[in-house]
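Written below as structure tokens is the structure these notes are about.
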Amino acid sequence: MKVPRKLSAVAIASIMRSIPKGANASRRKLLAEVLQSWSKNDLHEYAEYAGLYKAKPESKRLMDKIHRAAEKLDALLQEAVASKDIDYLGLMQKTRHDGKNVSDLLKAVEVIRDASGNAAGSLKQGRGQPHNVTSCRVIRDIAAMYEWLYPKKATRAVHVEDDNYEETGPFWAFASEIWGKVFGSKSEGLSAAVKGFTAKVNHEHRASPVIYNTLTRILREIEAQNS
């Protein structure tokens, strides 16, 4: 898998022209800014991360411990919210000190859980090479953008004819355009990434935070410009 590259203005314009029909009109207008922010921040991070780390057993063990602890904390918080016990922590209302509430706490734990899980996966060795999770991150982000644009889940569709199969469908069309600009090829690695992502959807799918993160960045930039 190649290292992801930054999306140029020309690449983003090409992606915008190729968006399949049915996208939410107002969100479609924001997609160019979302792609630009995603490229500048997330893709840049993925590019730096990809292939830079060699698997150190002690590092992986530590990340595994953090990931398990974050998963347990996430489950306990979800249970507390469901049972209303979270009220006893005084987190349902914003505090006078920092304005944080239970939603902020849950999001923070989710970020730690996902980041530590990705880090542990990256430090996993296979035949002497770090396990590559870059493609998983990219396809998960692309799926989140697709689900944000359309009132449907990102699913895999295959057209079979004469014992040959061909990937098809609106998600594939959307993903292939972005994937091609990120990795320089619309086909290399994409089929495996889509298959791997959709296989996990029914079991452990957690939506990528890319839309929340990028829209938050955009709003902060607008506020900074107006202040």
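These numbers come from the heavy atoms of this one structure, side chains and all, not from hydrogens, waters or symmetry mates.
Of the charged side-chain nitrogens involved, at least one lies within less than 4.0 Å of a carboxylate oxygen, so that Glu167 and Arg156 count as a salt-bridged pair. By the 4.0 Å N-to-carboxylate-O rule, Lys107 lies too far from Asp74 to be salt-bridged with it.
Listed by chain and number, the residues in a side-chain hydrogen bond (donor to acceptor under 3.5 Å, both in side chains) with Ser116 are His67 (sequence neighbours excluded). Residues passing the side chain to side chain contact (heavy atoms under 4.5 Å, CB included) test with Arg68, sequence neighbours excluded: Asp64, Lys65. By the side chain to side chain contact (heavy atoms under 4.5 Å, CB included) test, Ser18 is found to be paired with Glu177, residues two or more places apart in sequence or in another chain being considered. Qualifying ring pair (Phe, Tyr, Trp, His ring centres under 6.0 Å) partners for Tyr150, counting only residues two or more places apart in sequence or in other chains: Tyr146. Every residue was checked against the side-chain hydrogen bond (donor to acceptor under 3.5 Å, both in side chains) condition with Gln36, not counting sequence neighbours, and none meets it. In terms of the side-chain hydrogen bond (donor to acceptor under 3.5 Å, both in side chains) criterion, Thr216 has no residue partners (sequence neighbours excluded). Legend: residues meeting side chain to side chain contact (heavy atoms under 4.5 Å, CB included) with Ala193, ordered by chain and number and at least two apart, are Ile139, Trp179. With sequence neighbours excluded, no residue satisfies side chain to side chain contact (heavy atoms under 4.5 Å, CB included) with Ala108.
In this structure a side-chain-to-backbone donor-acceptor pair under 3.5 Å is missing from Glu147 to Lys153. The backbone N or O of Ala173 lies less than 3.5 Å from a partner atom in the side chain of Ser176, making a donor-acceptor pair. The closest donor-acceptor contact from the side chain of Ser39 to the backbone of Leu35 lies at 3.5 Å or more, if one exists at all. Put simply, the side chain of Ser14 never gets that close to the backbone of Val10: no donor and acceptor are under 3.5 Å apart.
Between Ile211 and Ala144 the shortest heavy-atom distance is CG1-O, 3.9 Å. Between Gly22 and Pro151, the shortest heavy-atom contact is O-CD, 4.3 Å. Residues Gly184 and Arg5 come closest through the heavy atom pair CA-NH2, 3.2 Å. In plain terms, the two heavy atoms of Ala143 and Phe171 that are nearest each other are CA-CE1, 3.7 Å.
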Requested in this report: List the steps, then state whether side-chain contact (heavy atoms from CB on, under 4.5 Å) holds for Glu71 with Val109.
Outcome: CA-CA 8 Å; Glu71 282 187 318; Val109 172; over 6 Å; no
Requested in this report: Applying salt bridge (charged side-chain N to carboxylate O under 4.0 Å, His left out), run through Asp42 and Arg217 and close with a yes or a no.
Outcome: CA-CA 12 Å; Asp42 302 281; Arg217 293 188 199 113; 3.4 Å; yes
**Report entry** Stepwise side-chain hydrogen bond (donor to acceptor under 3.5 Å, both in side chains) check, Asn41 with Tyr46
**Finding:** CA-CA 9 Å; Asn41 297 280; Tyr46 299 164; over 6 Å; no
Query - Evaluation steps, side-chain contact (heavy atoms from CB on, under 4.5 Å), between Ile15 and Lys181 - result: CA-CA 8 Å; Ile15 292 170; Lys181 300 298 185 296; 3.9 Å; yes
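Residues in residues 13-41 take part in no salt bridge (Lys or Arg N to Asp or Glu O under 4.0 Å) pair, two or more places apart or across chains.
Separating the CD1 atom in Ile66 from the CD1 atom in Ile112 is a distance of 9.0 Å, to the nearest 0.5 Å. Distance CZ/Phe174 to CE/Met145: 6.5 Å, rounded to 0.5 Å. Note: Tyr212 OH to Trp148 CH2 = 15.5 Å, rounded to the nearest 0.5 Å. To the nearest 0.5 Å, the span separating CD1 on Ile142 from CD1 on Ile178 amounts to 5.0 Å.
With Thr214 as reference, Val34 is the one residue of Leu30, Val34, Asp141 to meet the side-chain contact (heavy atoms from CB on, under 4.5 Å) rule.
Side-chain heavy atoms closer than 4.5 Å link hydrophobic residues (I, L, V, M, F, W, Y) into clusters, and following such links, possibly through other members, connects Met16 to Trp38.
With contacts defined as side-chain heavy-atom distances shorter than 4.5 Å, the pair Pro4/Phe183 qualifies.
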